[in-house]
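Below is one structure; the comments refer to it alone.
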Amino acid sequence: MEIINPHDKFFKETFSIKKNVIDFLQGTFPPEILKKLDLSTLTQDNNSYIDEELKEHFSDIVYTCFCKDKELRITLLFEHKSYAVACPYLQLMKYLLKIWEANSKQAQRLMAVIPVILYHGKETWKVRRFRDYFEGIDEEFFRFIPEFEYLLTDLSCYSNEEIKNRAFRRVSLQITMLLMRNIYNDKILGDKLKGFFEIGKQYFEEGEGLKFLESVIRYLYYASDISEERVIDTLKEISEEGGKLSMTIAARLIEKGKMAGRAEGKVEGKVEGRVEGRIEGLKEAIEIGLELKYGVEGLRLLERISKIVVIEKLEAIKEAVKISKNLEEIEKLL
């Protein structure tokens with residue numbers, strides 16, 4: 001069975017809508033960059049830059065647009081993270097290279113790429129320059145290290161009120177950001193759920209709004225511990241159509257066997273969501289640690305590590321990478 005991360009799926013569904021992306025850019029981009037971009041020319045790049053090596057790391061949401069003052073196209077790479085990554089530059093550079101290779105093959109001039117990371121995990125995301133990961137290196141060697149930045153939107157830096165009243169204007173983006181910001185705190189999410197839904201009271205009566213609401217309901221079913229009954233009852237208070245839709249989707253998921261229900265533990269939803277996301281994050285951290293500390297020699301352990309699905313074991317390996325003096329110490333854990 002293919003495992004789908006519900007956070008990634010919800011992110012991709014929201015950011016595949018051009019109006020949502022424009023709203024996000026207007027609410028988060030530095031003014032000096034935003035004023036250079038002609039957002040009326042924003043176009044989603046439907047080419048996939050993900051290969052077998054990258055498919056577990058990237059969400060593959062790419063847009064291009066022209067600058068206002070010249071015939072120059074800029075690429076916007078949107079990447080979602082529900083967990084903190086030790087060194088995001090290594091992953092981003094793989095993606096940048098794929099985009100530039102595509103430019104070259106199509107006889108296009110290389111396009112500047114602005115990497116954008118949307119983060120809503122539990123851990124603190126620490127932004128560092130790429131060269132800061134090269135410990136002990138002298139300043140004279142800095143010029144041999146690639147240097148670029150990414151734009152980070154950390155939802156923990158926004159309050160719920162800021163998301164609703166200041167940062168974003170579109171209802172669908174507001175609700176998306178609010179749900180993702182609070183998805184790991186079931187108590188707050190449950191208490192605020194009605195207020196979040198009320199933002200879309202009128203929107204949920206429209207065709208576009210109902211389609212978005214379907215994404216919302218699926219996200220809550222798979223990524224939270226909020227009961228189906230509570231979601232349905234809350235929606236009934238807000239929107240008659242929304243209440244009907246939530247019941248229909250719940251019945252459909254049960255029928256297809258994609259939701260086991262609260263009595264059966266919602267096994268698939270949890271495995272696909274939190275557990276899968278945590279395992280993926282740990283494996284990425286281990287890979288980065290091995291590469292930084294032991295180079296190519298360390299990466300030979302990845303094939304064996306990729307088969308491990310026990311979180312506790314992966315956490316032990318991650319810590320071992322930090323304190324190990326040689327690869328043999330890590331191999332003992334495999």
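The figures here come from the full heavy-atom set of this structure, side chains too, leaving out hydrogens, waters and symmetry mates. This is a predicted model, so every value here is computed, not measured.
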Taking NZ, NE, NH1 and NH2 as the nitrogens, is one of them in [X] or [Y] under 4.0 Å from a carboxylate oxygen of the other?
{"X": "Glu208", "Y": "Arg170", "value": "yes"}
{"X": "Asp132", "Y": "Arg129", "value": "yes"}
{"X": "Lys81", "Y": "Glu123", "value": "no"}
{"X": "Lys9", "Y": "Glu13", "value": "yes"}
{"X": "Glu214", "Y": "Arg218", "value": "yes"}
{"X": "Lys201", "Y": "Glu206", "value": "no"}
{"X": "Lys194", "Y": "Glu237", "value": "yes"}
{"X": "Lys318", "Y": "Glu315", "value": "no"}
{"X": "Arg300", "Y": "Glu297", "value": "yes"}
{"X": "Arg304", "Y": "Glu331", "value": "yes"}
{"X": "Asp191", "Y": "Lys187", "value": "yes"}

Query - Distance-only side-chain donor-acceptor flag, Glu79 / Tyr95, under 3.5 Å - result: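 No, Tyr95 and Glu79 have no side-chain donor paired with an acceptor closer than 3.5 Å.
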Report task. Give, for atom OG1 of Thr64 and atom CZ of Arg73, the distance between the pair rounded to the nearest 0.5 Å. Result ->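 Rounded to the nearest 0.5 Å, the OG1-CZ separation comes to 4.5 Å.
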Requested in this report: Drop me the distance from Leu193's CG to Ser224's OG, to the nearest 0.5 angstrom.
Outcome: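 One finds 8.0 Å between CG of Leu193 and OG of Ser224.
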**Report entry** Polar side-chain atom of Thr176 near backbone of Ser172 as donor-acceptor pair, under 3.5 Å
**Finding:**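 Yes: the side chain of Thr176 pairs with the backbone of Ser172.
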Query raised in the report: Under 3.5 Å, is there a donor-acceptor pair between the side chain of Gln174 and the main chain of Lys164?
Result: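 Pair found, side chain donor or acceptor close to backbone of Lys164.
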Query raised in the report: Should Val62 and Leu110 be regarded as members of a common hydrophobic cluster, given that ILVMFWY residues are connected when their side-chain heavy atoms come within less than 4.5 Å of each other, either directly or indirectly?
Result: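 Yes, same cluster.
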Report task. Let me know which of Ile288, Leu152, Ile117 forms a side-chain contact (heavy atoms from CB on, under 4.5 Å) with Pro88. Result ->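 The side-chain contact (heavy atoms from CB on, under 4.5 Å) with Pro88 is passed solely by Ile117 among Ile288, Leu152, Ile117.
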Query raised in the report: Under 30°, 30 to 60°, or over 60°: which ring-plane class applies to Phe24 and Phe78, parallel, tilted or perpendicular?
Result: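 Rings of Phe24 and Phe78: perpendicular, over 60°.
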**Report entry** Set of residues satisfying ring pair (Phe, Tyr, Trp, His ring centres under 6.0 Å) with respect to Tyr294, sequence neighbours excluded
**Finding:**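 By the ring pair (Phe, Tyr, Trp, His ring centres under 6.0 Å) rule, Tyr294 matches no residue at all.
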